[in-house]
There are 2 protein chains.
Amino acid sequence: MSAAENQQLKEVLREHELKATTQRIALLKLLDATNEHFDAEEIYLELRKKQKNVSRATVYRSLESLAELDLVTRLDFGDGRMRFERNKDEDEHHDHLICEECGKVIEFFNLEMEAQQLSVCEENDFTPSTHTMHIFGTCSDCKKTS
Amino acid sequence: MSAAENQQLKEVLREHELKATTQRIALLKLLDATNEHFDAEEIYLELRKKQKNVSRATVYRSLESLAELDLVTRLDFGDGRMRFERNKDEDEHHDHLICEECGKVIEFFNLEMEAQQLSVCEENDFTPSTHTMHIFGTCSDCKKTS
DNA sequence: TACGCAAGTGCAAATAAGTCTCATTTAGAT
DNA sequence: ATCTAAATGAGACTTATTTGCACTTGCGTA
């Protein structure tokens, strides 16, 4: 509810030439406040739970605009729906470990891997724009349980 | 049309405890013969074009069984449909460079990258099963054109 | 502070990819 | 040649996402 946070998000939106609507602000605030990787439906339900009136269509459309402007990132874990994470400031790219049992997502960054990616691109005269590296498997918690 | 190829594919299927149906043989033969990364609909249309009678449901079901047995690999390039490639013999895992302009897919293998992945998994006490590494960007041909 | 209008929203209908049901067919063991 | 579990075809269904269109709202301007 912080007015300061609202104000800041309004500015972020305007800097990117998007109208600062209550729906978009609520959406950004939600993503800012979580470490989870929500899908569109979850975002929709969370916003509703918080008494924000918003429609599914708006959630999808907002996420699209925000992703285009790199304010959020689309994540595809291969299970048929897109997930979204807020692009915290201008921090470094990270990749994901995804637990196939509990769905937990662990973020990681590996400099050497990034370097290898660039070298692969050079070898193939390929100009990279983005990349995704997902490792699927079993997390430590789930190993204990099983 | 080679009877020898048919025979070989029949055996492959049987070794994996799948009935060697004409549909599955045609599907495998198609994937064997191409370097493209077809999606289910494309596979369906290609088979129809070749006068093979097969239904969409069978394409999906066959691809599922074949993927489970590692005879084909599912590829998710994040555009909302799964693509498939034949798992040539028992060769090494490879990753993909995907041209965002022409859709071309270049396969690569990088030993150092695979090693880094394992080390990331260890650091996080994570047991990997599979991974995907996709680099999106512009291929050399498309760079020339633009 | 009120006005205008393009940008944004809500709703419901439309798509798109993939899955499921069930009656019919077929591979392959006997 | 016969039998039966496995596989298939047709189409209905599901789930995620997109779109058309009438209505609303930010926000620049008077």
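All heavy atoms count here, side chains included; hydrogens, waters and symmetry mates do not. So that the names make sense, note that chain A is the first sequence line, chain B the second, and so on, each numbered from 1.
One finds a side-chain N or O of B:Arg24 lying less than 4.0 angstrom from the OP1 or OP2 phosphate oxygen of D:dA7. Checking the phosphate oxygens (OP1, OP2) of D:dA7, no side-chain nitrogen or oxygen of B:Thr21 falls inside 4.0 Å. Between A:Gln23 and D:dT25 there is no side-chain polar atom (N or O) within less than 4.0 angstrom of OP1 or OP2. Distances shorter than 4.0 Å separate none of the side-chain N or O atoms of B:Ser55 from OP1 or OP2 on D:dA10. Under 4.0 angstrom from either OP1 or OP2 of C:dT19 there lies no side-chain N or O belonging to B:Tyr60.
Closest approach to the A:Lys19 side chain among C:dT9, C:dA6, C:dA27 is made by C:dA6 (side chain taken as heavy atoms from C-beta onward).
Of the residues near DNA chain C, B:Thr22 and A:Asn53, the one whose nearest nucleotide (by heavy atom distance) lies more toward the 5' end is A:Asn53. In this structure, B:Lys10 and B:Arg74 both approach DNA chain C, and ranking their closest nucleotides by distance from the 5' end singles out B:Arg74.
Rounded to whole angstrom, the span from the CG atom of B:Leu18 across to the C1' atom of C:dT26 amounts to 15 Å. In this structure, A:Phe77 atom CZ and D:dA16 atom P are separated by 16 Å, rounded to whole Å. Rounded to whole Å, atom C1' of C:dA29 lies 11 Å from atom CZ of B:Arg14. Atom CZ of A:Arg48 is separated from atom P of C:dC11 by 6 Å (rounded to the nearest Å). Rounding to whole angstrom units, CZ of residue A:Arg83 and C1' of D:dT17 are separated by 15 Å. Taking atom NE2 on B:His16 and atom P on D:dA6, their separation rounds to 18 Å, with Å as the unit. Rounded to whole Å, atom C1' of D:dG9 lies 10 Å from atom OH of B:Tyr44. Protein atom CG of A:Leu63 is 13 Å distant from nucleotide atom C1' of D:dA16, rounded to whole Å.
In this structure, B:Phe136 has its ring center no closer than 6.0 Å to that of A:His131. Aromatic rings of A:His134 and A:Phe77 (six-membered ring for Trp) have centroids within the 6.0 Å cut-off, being under it.
Looking at B:Arg56, its side chain has no donor and acceptor atom pair within 3.5 Å of the base of D:dG11. The base of C:dG18 does not come close enough to the side chain of B:Arg61 for any donor and acceptor atom to sit less than 3.5 Å apart.
DNA chain C lies under 4.0 Å from no heavy atom of any residue of residues 33-42 of chain A.
With no hydrogens or angles considered, no side-chain donor-acceptor pair links B:His16 and B:Glu68 at under 3.5 Å. No side-chain donor from either of A:Gln23 and A:Ser62 sits under 3.5 Å from a side-chain acceptor of the other. Residues A:Lys143 and B:Thr127 have side chains that bring a donor and an acceptor to within less than 3.5 angstrom of each other. A side-chain N or O of B:Glu85 and one of B:His96 form a donor-acceptor pair less than 3.5 Å apart.
Using a 4.0 Å cut-off between charged nitrogen and carboxylate oxygen, B:Glu46 and B:Lys52 do not count as a salt-bridge pair. With respect to the salt-bridge test (charged N to carboxylate O, under 4.0 angstrom), the residues A:Asp39 and A:Arg81 qualify.
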